[in-house]
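Below you'll find the structure, written out as structure tokens, and then a few comments.
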Amino acid sequence: MPELPEVEVVRHGVDVHVTGRLVRSVEVLHPRAIRRHLPGASDFAGRLTGRRVTAMRRRGKYLWAELSGGDAMLAHLGMSGQLLVQPEGAPDEKHLRVRFRFDDGGPELRFVDQRTFGGFSMGELVEVDGTVLPAPIAHIGRDPMDPRFDPAAAVRALRRKRTELKRALLDQTLVSGIGNIYADEALWRARVHWAKPTDRIGPAKAAEVLTAATEVMTEALGAGGTSFDALYVNVNGQSGYFDRSLAVYGQEGRPCRRCGRPIRREPFMNRSSFSCPRCQPRPTAR
DNA sequence: TTGTGGACCTGGGTGC
DNA sequence: TGCACCCAGGTCCACA
């Protein structure tokens, strides 16, 4: 599932292959892929055609193409979205949703998305706290790889919440880029249970969790991201290999690398959370 | 105002 | 073999 490291790998790939090129045509093959662009498919295609991509940017799990003329095409990969660079005429992928062709006749950009949670929209660029980004994501917090990320402010924001720690970590308005996988990995590294109430966490432990999240995502980026199946690949269709380094996520029943206890899996927000019962004891009741 | 829980969505895997 | 069901999870939204 694409979280910050995977999205950054994709952003870099798209940047290399697409920045500087002029869009010749856009083909929307599934309406859900542009459901956040309310004026519809023809408006989306019309606003992109004839525009040049001037840069590829990212914040958290969102990425966007800055366009000649000033606005941007915003993208989110959702759970299974892929941006692939393919030669024109290559066979269509089964779940091809949007195709971008360029005026140089070179490789096209394809959005392939099995579960249709990802998609695109057009957005005006606005300045928020000294950074220019698309208006629809003005509320998204800086991610830990942002040079202007303020760890102390993130710790304060985290501790102000009155919820479970993992839920706060997944709140993209506090700190962006963290998803289910790296939240579990960061919590294991920091030896804290996902259900720990945020208002009962000291500033040092909160900082430790955020540092662990930054470290694990940096390592994952160096490994090309985490791939469990064909749902995450880079723009060339290649998988990352950080899944081999995961300590708890998807490791139910396997021994903890620190203490040997079997990793447990617990339901969390209609999904799963993985942790070590000894290293990450459940918080005591208030 | 803030926190919580469910819906959305598809296809692979599993059990019967 | 075919069918039903479960599961994956990021984001949004209704509700408390």
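Just so you know, these numbers use all the heavy atoms, side chains as well, and skip hydrogens, waters and symmetry mates. Chain letters run A, B, ... following the sequence lines, proteins first and then strands; every chain starts at 1.
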message = Which residues pass the salt bridge (charged side-chain N to carboxylate O under 4.0 Å, His left out) test with A/E208, not counting sequence neighbours?
response =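 Salt bridge (charged side-chain N to carboxylate O under 4.0 Å, His left out) list for A/E208, sorted by chain: A/K205.
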Side chains of residues 41-49 of chain A: which donor-acceptor pairs under 3.5 Å do they make with residues two or more places apart or in other chains?
{"residue": "A/D43", "atom": "OD2", "partner": "A/H37", "partner atom": "NE2", "Å": "2.7"}
{"residue": "A/R47", "atom": "NH2", "partner": "A/D71", "partner atom": "OD2", "Å": "3.3"}
{"residue": "A/T49", "atom": "OG1", "partner": "A/A45", "partner atom": "O", "Å": "2.7"}

ask   = Restricting to pairs with a member in residues 269-282 of chain A, which pass salt bridge (Lys or Arg N to Asp or Glu O under 4.0 Å), not counting sequence neighbours?
value = A/E266-A/R282
request  = Would you work out how much the helix from B/dT2-C/dA16 to B/dC16-C/dG2 bends between its ends, with each end axis defined by five base pairs, to 10 degrees?
outcome  = 50°
By side chain to side chain donor-acceptor pair (under 3.5 Å) - contacts of [X] (at least two apart):
X: A/E8; value: A/R11, A/R58
X: A/K61; value: none
X: A/R21; value: A/D104

key: Close side-chain approach of A/V248 and A/E185, heavy atoms under 4.5 Å   = yes
request  = Please tell me which of A/K161 and A/T116 maps to the more 5' nucleotide of DNA chain B, matching each residue to the nucleotide holding its nearest heavy atom.
outcome  = A/K161
message = With nearest nucleotide decided by heavy atoms, which residue, A/T163 or A/H95, maps closer to the 5′ end of DNA chain B?
response = A/T163
Compile the donor-acceptor pairs under 3.5 Å between side chains in residues 116-137 of chain A and protein atoms, sequence neighbours left out, one pair per line.
{"residue": "A/T116", "atom": "OG1", "partner": "A/R32", "partner atom": "NE", "Å": "3.0"}
{"residue": "A/T131", "atom": "OG1", "partner": "A/R142", "partner atom": "NH1", "Å": "2.9"}
{"residue": "A/T131", "atom": "OG1", "partner": "A/R142", "partner atom": "NH2", "Å": "2.9"}

A/E252 CD - C/dC7 P separation (whole Å) = 11 Å
Whole-Å distance separating the CZ atom of A/F268 from the P atom of C/dG10 =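 Nearest whole value for this atom pair: 10 Å.
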note = Closest heavy-atom pair, A/A220 versus A/Y182, reported as atoms and distance to 0.1 Å, is CB-OH, 3.2 Å
ask   = With sugar-phosphate meaning primed atoms plus P, OP1 and OP2, does A/R265 contact a base, only sugar-phosphate, or nothing at under 4.0 Å between heavy atoms?
value = sugar-phosphate
All pairs passing ring-ring contact (aromatic ring centres under 6.0 Å, His included) where residues 64-95 of chain A contributes a residue, at least two apart =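 Those involving residues 64-95 of chain A are A/Y62-A/H76.
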ask   = Is there any ring-ring contact (aromatic ring centres under 6.0 Å, His included) pair reaching into residues 6-34 of chain A, and which pairs are they, with sequence neighbours excluded?
value =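 Pairs touching residues 6-34 of chain A that pass the test: none.
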query = What is the 5' to 3' range of DNA chain B, first to last nucleotide, that sits under 4.0 Å from any heavy atom of chain A?
reply = B/dG3 to B/dG11
N/O-N/O pairs, protein side and nucleotides 11-16 of chain C side, under 3.5 Å:
{"residue": "C/dT11", "atom": "OP1", "partner": "A/H76", "partner atom": "NE2", "Å": "2.3"}

